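Encoded as structure tokens, the structure appears first; notes follow it.
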Amino acid sequence: MTEIRTPRLILRRWTDDDLVPLAEINADPEVMRWIGDGSVRDLDETAEDIERYEEEWDDEGFGLFAVELLASGELIGFAGLSVPEGLPELMSEVEISWRLGRPFWGQGYASEATHAVLEFALQDRGLDRVVAVTHISNTAAENILGKLGMSAERETNHPVFDVPLRVHAIDLTEYQA
């Protein structure tokens, strides 16, 4: 299954039409504030990102879904699973993550999408455990992870950007569908 429908969203694989809307999301400094060192990404970098997302689908059988509004078909961001390349200590783990455009914040879309992704990970893909990594000050992301039933497990620093991070986790025995 590479498409998930929720009451308001479609989570699906990437198309060429997604490049410009995702690049617009990635160009917003407020959206990118909690990503890496906070740098925005341009059109070429976003194209490379989408290519990498699709390669992960092919290599791992999971990846980051494009998230669109069911009612309009508008791309609002992404949510999905990946191997957290930026933290060597987590290379054997699978991470849940998301990024939505600012006009779509505060409407429950991130919670709706990540709940569907977590169910996909633990039930459809048969993973035993999923992690999430947040900047310690990102309370909005921490709230979403709490709604998913994920618990803070430990703190660490990003090895390149030296920002404090919190690792959250949930395993299949803790998951409530």
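Both backbone and side-chain heavy atoms feed into the values below; hydrogens, waters and symmetry mates do not. Every value quoted in this text rests on a predicted model; they were computed, and no experiment measured them.
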Next item on the list: Would you give the length of the straight line joining atom CG of Leu19 to atom CD of Glu24, rounded to the nearest 0.5 angstrom?
Entry: 10.0 Å
Notebook entry, point to check: Hey, is Arg52 close enough to Glu55 for a salt bridge, meaning N to O under 4.0 Å?
Noted result: no
Note to self: With side-chain contact (heavy atoms from CB on, under 4.5 Å) as the criterion, how do Glu89 and Thr156 come out once you've worked through the C-alpha distance, each side chain's angles and the decisive distance to 0.1 Å?
What the structure shows: CA-CA 10 Å; Glu89 66 197 78; Thr156 188; 3.2 Å; yes
Notebook entry, point to check: With the 4.5 Å side-chain cut-off for hydrophobic clustering, are Leu172 and Leu118 part of the same group?
Noted result: yes
Next item on the list: Starting from the C-alpha separation in whole Å, work towards a yes-or-no answer on side-chain contact (heavy atoms from CB on, under 4.5 Å) for Val83 and Leu90.
Entry: CA-CA 8 Å; Val83 175; Leu90 296 178; over 6 Å; no
Notebook entry, point to check: So Val94 and Ser82, side-chain contact (heavy atoms from CB on, under 4.5 Å) or not? Walk me through it.
Noted result: CA-CA 6 Å; Val94 176; Ser82 62; over 6 Å; no
Margin query: Run the salt bridge (charged side-chain N to carboxylate O under 4.0 Å, His left out) test on Arg129 and Glu153 for me, step by step, so that the C-alpha distance in whole Å, both residues' side-chain angles and the decisive distance to 0.1 Å come before the verdict.
Written below: CA-CA 13 Å; Arg129 175 178 154 89; Glu153 194 172 77; 2.8 Å; yes
Next item on the list: Please collect all side-chain hydrogen bond (donor to acceptor under 3.5 Å, both in side chains) contacts where either partner lies in residues 34-43, sequence neighbours excluded, each pair once.
Entry: Asp37-Ser39, Arg41-Asp49
Notebook entry, point to check: To the nearest 0.5 Å, what is the distance between OG (Ser151) and CG (Leu145)?
Noted result: 10.0 Å
Note to self: Quick check for you: to the nearest 0.5 Å, what is the distance between Asn26 atom CG and Ile35 atom CD1?
What the structure shows: 8.5 Å
Notebook entry, point to check: For residues Asp17 and Thr15, is any side-chain donor paired with an opposing acceptor at under 3.5 Å?
Noted result: no
Notebook entry, point to check: With the 4.5 Å side-chain cut-off for hydrophobic clustering, are Val133 and Ile136 part of the same group?
Noted result: no
Note to self: Distance check, rounded to the nearest 0.5 Å: Arg99 atom CZ versus Asp28 atom CG?
What the structure shows: 11.0 Å
Check: With side chains defined as the heavy atoms from C-beta onward, is the minimum distance between Leu9 and Leu11 less than 4.5 Å?
Finding: yes
Check: When you measure from the side chain of Glu93 to the backbone N and O of Val130, does any donor-acceptor pair fall under 3.5 Å?
Finding: no
Next item on the list: For residues Trp57 and Phe65, establish whether the separation of their ring centroids is below 6.0 Å.
Entry: yes
Item checked: Crowding at CG, Asp58 (>12 non-hydrogen neighbours, <6.0 Å) -> yes
Next item on the list: Please report the closest heavy-atom contact between Val67 and Ala79, naming both atoms and the distance.
Entry: CG2-N, 3.5 Å
Note to self: Quick one, Leu148 with Thr114, criterion side-chain contact (heavy atoms from CB on, under 4.5 Å). Give me CA distance, side-chain angles, the key distance, then yes/no.
What the structure shows: CA-CA 8 Å; Leu148 293 177; Thr114 55; 3.7 Å; yes
Checklist line | Salt-bridge contact Glu112-Lys147 (side-chain N to carboxylate O under 4.0 Å) | finding: no
Next item on the list: Answer yes or no: is there a donor N or O on one side and an acceptor on the other, between the side chain of His135 and the main chain of Ser137, under 3.5 Å?
Entry: no
Item checked: Residues forming a ring-ring contact (aromatic ring centres under 6.0 Å, His included) with Trp14, sequence neighbours excluded -> Tyr53
Next item on the list: Answer yes when Arg12 and Asp18 have at least one side-chain N-carboxylate O distance shorter than 4.0 Å, and no when they do not.
Entry: yes
Notebook entry, point to check: For Phe120 and Gly61, which heavy atoms make the closest approach, and how far apart are they?
Noted result: CZ-O, 4.4 Å
Check: Quick one: CD on Glu3 to CD1 on Ile10, what's the gap to the nearest 0.5 Å?
Finding: 5.5 Å
Next item on the list: Work out which heavy atom in Ala66 is nearest to a heavy atom in Leu75; give both atom names and the distance.
Entry: CB-CD1, 3.7 Å
Margin query: Looking at Glu74, is its backbone amide N or carbonyl O close enough to the side chain of Ser72 to form a donor-acceptor pair, meaning the two atoms are under 3.5 Å apart?
Written below: yes
Check: Can Arg166 and Asn138 be counted as having a side-chain donor-acceptor contact under 3.5 angstrom?
Finding: no
Next item on the list: Rounded to the nearest 0.5 Å, what's the gap from CG on Leu22 to CD1 on Ile76? Could you check?
Entry: 12.0 Å
Next item on the list: Compare every heavy atom of Leu64 with every heavy atom of Ser97, then report the nearest pair and how far apart it is.
Entry: OG-CD2, 3.6 Å
Next item on the list: Say whether Leu69 and Ile25 are linked into one hydrophobic cluster, either directly or through other cluster members, by side-chain heavy-atom distances under 4.5 angstrom.
Entry: yes
Check: Where is the tightest heavy-atom contact between Ile144 and Ala110, given as atom of each residue plus distance?
Finding: CD1-CB, 3.5 Å
Note to self: Any non-hydrogen side-chain atom of Thr134 less than 4.5 Å from a side-chain atom of His168?
What the structure shows: yes
Next item on the list: Could you pull out the closest heavy-atom pair between Pro7 and Leu70, with the gap in Å?
Entry: O-CD2, 3.6 Å
Next item on the list: Identify the residue among Glu56, Glu54, Glu68 that makes a salt bridge (charged side-chain N to carboxylate O under 4.0 Å, His left out) with Arg13.
Entry: Glu54
